[in-house]
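Protein chains get the first letters and strands the later ones, always in sequence-line order, with residue 1 at the start of each.
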Amino acid sequence: MFRLVPTCKGRHFSRYLPRIRTHYQLCSTAANCIRVSSHGLENNNKEIDFELLFHSCTKTHLAKGLHALLVVSGKAQSIFIATKLVNLYANLGDVSLSRHAFDRIPKKDVFTWNSMLSAYVRNGRFLEAVICLYEMLLTSEVRPDFYTFPPVLKACGSLVDGKKIHSWVFKLGFEWDVFVAASLVHMYCRFGSVDVAHKIFNDMPFRDQGSWNAMISGFCQNGKAAEALNVLDDMRLEGMKMDSVTVSTILPICAQMDDILRGILIHLYVIKHGLEFDVFVSNALINMYAKFANLRNAQKVFDQMVARDLVSWNSIIAAYEQNDDPNAALKFFGGMQLNGIQPDVLTLVSLASIVAQSRDHKNSRSIHGFVMRRFWIMVDVVIGNAIVDMYAKLGIIDCAHKVFEKIPSKDVISWNTMITGYAQNGLASEAIEMYCMMEVCKDITPNQGTWVSILPAYSHVGALQQGMRTHGRVLKTGLHLDVFVGTCLIDLYGKCGRLDDAMSLFYEVPRMSSVPWNAIISCHGIHGHGEASLQLFRAMLDEGVKPDHVTFISLLSACSHSGLVDQGRWCFHLMQEYGIKPSLKHYGCMVDLLGRAGFLEMAFDFIKSMTVQPDASVWGALLGACRIHGNVELGKYASDRLFEVDSENVGYYVLLSNIYANVGKWDVVDEVRSLARDRGLRKTPGWSSIELNNRIEVFYTGNQSHPQCEEIYNELEILTAKMKSLGYIPDYSFVLQDVEDDEKDHILTSHSERLAIAYGIISTPPKSPIRIFKNLRVCGDCHNATKFISKITEREIIVRDSTRFHHFKDGICSCRDYW
DNA sequence: ATAGGGTTAG
């Protein structure tokens, strides 16, 4: 037995040092040995308390010292001690030293093997754990026991591995052990075989807390909340109490099922049973309250925590971020840093969203850089997607695309994010192109998010045929009954001029929420069917659906398009009765409603009565109204205010120059135009599109490059002659250049909407309807001309521009008071 | 001396 010399100082150990070095080369200095052993030296001439020594090894170098000590004393020969060393190194996180010690044990028993296995598993080295099991089974004489299997079941990386291990369990007769069975349940659930797991669970002769929890969490992780709750009920019927594990499993389910009551009851249970000091439980509570948008309670739970970990901080940050309070979220991030907690991937995911919400361009770069330096994009799709989303939301779409391309294994969400990014930045054709590229990827299956990202892109460019093909695919997945997908489809048909189809879809989707109502009200609005919109709104109220702020935007703009001034004002007041504070968008709609109807002064007074500072959209609405009614003076005033708040939007310069061109003040027109030019602004190029044979054909103003260009201009020439004989007089006020009348004629006839219409006429059978999309507002002269064209060609011509539909038939347009 | 079940996401 090794005994210590009475005075333990360095020199006594230094005697052994050379041997230690040559044997193991593990111990760096004698001092380490001494530090380690000093605990055992309290009583001289007594045996070292190795138990205590093992406990005092809190760092790898101390463990190495102890190891050396044990070797020198010959104690390391004992399989008992050697196995302890394997465990010690594993607990310190150094698996390779565990393995090193393990390899030096000449005759390993089952304890040794089990320790090595769990050493791997506890350190996340799953593959090596499985290999080690095979080593044990195939190269050693040692028979595994029921301690062997739970760790490796946790380690197996696929269902195939798991099944193989299961067959060993079966062969060796350990399947009735509670721990082994629970591990099997957990393993099968992990790979989605919940049914197999449930069968094993049901066949278990005895179930302890852990096995119940395994089954409940198994159902939860496979999205079977109802089944999980059933198991929970069974558990309580058998007299088993919920522990902290059960609670932290079940709380996310309450959030997912929107079961506030159950969540609160569980919180009470937690308090009653003293589980509130468990970090997992508190974290789960914070997350649940955040999902219920109950920030007060989330905050309360967070505040009363004794010890907060990374997840606690991430949860409270996400709580505020997801409830639209990026500033508070950022404050907590600061708090996290003050507490010395290092952010992880999920922290950065929240930060990316915070930055996007607060339109913080500068910090978006820092976040990107932080993530890149850690190579997180390489290891985690989620953060890559979050960065793509951040850039897309900030409108920095090319950066979004660059990051997207760097994501090594893109998933559906990566694609959906990119498609949505393009679509929401007005780049619908890029969005469609992205979707087509995605369809080629075999390993990507479109999901609900895909449909809600691509369908709005189709509606935006009016790709009805492509949209309908997608509708077919959606039907196969059954997702057309999903509120959001259904609403996108309603929007698609509505915005492509198929109001009837939109209506019949509307009657199919669930209508408990305001979402589909808002869409159908808006669709009727842009078709100029304001009365129908109001009727739908009343039906909505009758069905007990609560209108939200979007409802009123749809409604107000519907009234505006149909000139329903009184009804619009009624809506505006009603909105406040519903406790909805008017936003700038609502104010903008009201100004548009009053102004468009000719009540310019009233509109102006309305702006003056606003409690919030009017923004560009409000002044823009007034300016637009002045354009329609030719009020130069008020238009000038509106534009002055407008350029104070937004001097970057070209559209407003065009509007203002329109007003002056209308009254022939060409010098001022030039002034306005040069003002825009000086600010580096260029007119958004106008384009019109038409869908033929599943293809979208786009025409830009003055387009000369179309293969059928000559035929198109010929057709227009013939049409113009016929139109003139019917009394068409070109309105030159829409020509913003001060040129000769001949030139003006030509400019008007080469407007993109006219090119698209002419192309439609020569490319489709006579008398079939023509559907045109225009990205800007339809020009007033083209509007007038289209009336004549519809009469001459006996065609229905449907033009959707940036604000509404124009339905031309027999020389009449459905929209009233245009221009 | 060795074992299972838990919280955050785009």
- Message: Near DNA chain B, counting only heavy atoms under 4.0 Å, which residues of residues 403-425 of chain A show up?
- Response: A:Asp411, A:Ile413
- Under 4.0 Å between any heavy atoms, over every strand shown, what does A:Phe149 touch: base, sugar-phosphate, or nothing? Just pick one. nothing
- Item | Listed nucleotide nearest any side-chain atom of A:Pro150, set B:dT7, B:dG4, B:dA1 | B:dG4
- Message: Please report the distance, rounded to the nearest Å, between CD in A:Gln342 and P in B:dT8.
- Response: 23 Å
- Tell me: CD1 of A:Ile79 to C1' of B:dT2, nearest whole Å? 12 Å
- Give a yes/no answer on whether the side chain of A:Gln256 brings an N or O atom under 4.0 Å of OP1 or OP2 in B:dT8. no
- Message: Side chain of A:Ser183 only, heavy atoms from C-beta on: which candidate in B:dA1, B:dG4, B:dG6 is closest?
- Response: B:dG4
- Query: Atom CZ of A:Arg308 and atom P of B:dT8: how far apart are they, to the nearest Å?
  - Reply: 19 Å
- Query: Over how many whole Å does the gap from A:Ile286 atom CD1 to B:dA9 atom P extend?
  - Reply: 13 Å
- Task: Pick base, sugar-phosphate or nothing for A:Val281, based on heavy-atom distances below 4.0 Å to the nucleic acid.
- Result: base
- Item | Residue A:Asp278, side-chain atoms from C-beta onward, closest of B:dT8, B:dG4, B:dG6 | B:dG6
- Task: Applying salt bridge (charged side-chain N to carboxylate O under 4.0 Å, His left out), name anything that partners A:Glu238, two or more places apart in sequence or on another chain.
- Result: A:Arg207
- Item | Aromatic contact, A:Trp415 with A:Tyr435 (centres under 6.0 Å) | no
- Phosphate OP1/OP2 of B:dA9 contacted by A:Lys291 side-chain N/O (<4.0 Å): yes
- Message: Can you confirm whether or not the ring centre of A:Trp212 sits under 6.0 Å from the ring centre of A:Phe201?
- Response: yes
- Please identify each residue that fulfils salt bridge (charged side-chain N to carboxylate O under 4.0 Å, His left out) with A:Arg125, with sequence neighbours left out. A:Glu128
- Output the single nucleotide from B:dG6, B:dT8, B:dG4 whose closest atom is nearest the side chain of A:Val178. B:dG4
- ring pair (Phe, Tyr, Trp, His ring centres under 6.0 Å) contacts in which one or both residues fall within residues 270-299 of chain A, not counting sequence neighbours: A:His267-A:Tyr289, A:Tyr269-A:His273
- Query: Which part of the nucleic acid, if any, lies within reach of A:Ser244 when heavy atoms closer than 4.0 Å are counted: base, sugar-phosphate only, or nothing?
  - Reply: base
- Hey, does A:Asn314 reach any base, or is it just sugar-phosphate, or nothing, if we go heavy atoms under 4.0 Å? base
- In whole angstroms, the gap separating C1' of B:dT8 from CD of A:Gln221 amounts to 13 Å
- Message: Once you apply a heavy-atom cut-off of 4.0 Å, does A:Val185 come out as touching a base, just sugar-phosphate, or nothing?
- Response: nothing
- Does A:Asp94 have any side-chain hydrogen bond (donor to acceptor under 3.5 Å, both in side chains) partners at least two apart in sequence or in another chain, and if so, which? A:Ser96
- How is A:Asp109 classified with respect to the nucleic acid when contacts are heavy atoms under 4.0 Å: base, sugar-phosphate, or nothing? base
- Look at the side chain of A:Thr249 and decide which nucleotide, out of B:dG4, B:dG6, B:dT2, has an atom nearest to it. B:dG6
- If you measure only the distance, is there a donor-acceptor pair under 3.5 Å linking the side chains of A:Asn314 and A:Asn283? no
- Atom NE2 of A:His186 and atom C1' of B:dG6 are separated, to the nearest Å, by 9 Å
- Query: Looking at B:dT7, B:dA9, B:dG4, which one has an atom nearest to any side-chain atom of A:Asn283?
  - Reply: B:dT7
- Message: Just the rounded figure in Å: distance from P of B:dT8 to CG of A:Leu310.
- Response: 13 Å
- Query: A:Val349 side chain: which of B:dA1, B:dT2, B:dA9 is closest?
  - Reply: B:dA9
- Which whole-number value in Å describes the distance from A:Leu285 CG to B:dT8 C1'? 13 Å
- Stacked pair A:Phe179-B:dA3, distance under 5.5 Å, angle under 30°: no
- Message: Can you confirm if the aromatic rings of A:Tyr188 and A:His166 lie within a centre distance of less than 6.0 Å?
- Response: yes
- Task: Give the nucleotide from the list B:dT7, B:dA1, B:dA9 with an atom nearest to the side chain of A:Phe111.
- Result: B:dA1
- Task: Measure from the ring centre of A:Phe280 to the centre of the six-membered ring in the base of B:dT7, then say whether that distance is under 5.5 Å and the planes meet at under 30°.
- Result: no
- Note on the structure: Per atom distances to the A:Asn87 side chain, the nearest of B:dA9, B:dT2, B:dA3 is B:dT2
- Message: Going by side-chain contact (heavy atoms from CB on, under 4.5 Å), name the residues that satisfy it together with A:Ser98, two or more places apart in sequence or in a different chain.
- Response: A:Val86, A:Tyr89, A:Ala90, A:Met116, A:Ala119
- Base, sugar-phosphate, or nothing for A:Ser211, non-hydrogen atoms under 4.0 angstrom? base
- With heavy atoms under 4.0 Å as the rule, sort A:Gln322 into base, sugar-phosphate or nothing. sugar-phosphate
- Message: Can you tell me which nucleotide in B:dG6, B:dG4, B:dT7 comes closest to the side chain of A:Ala182?
- Response: B:dG4
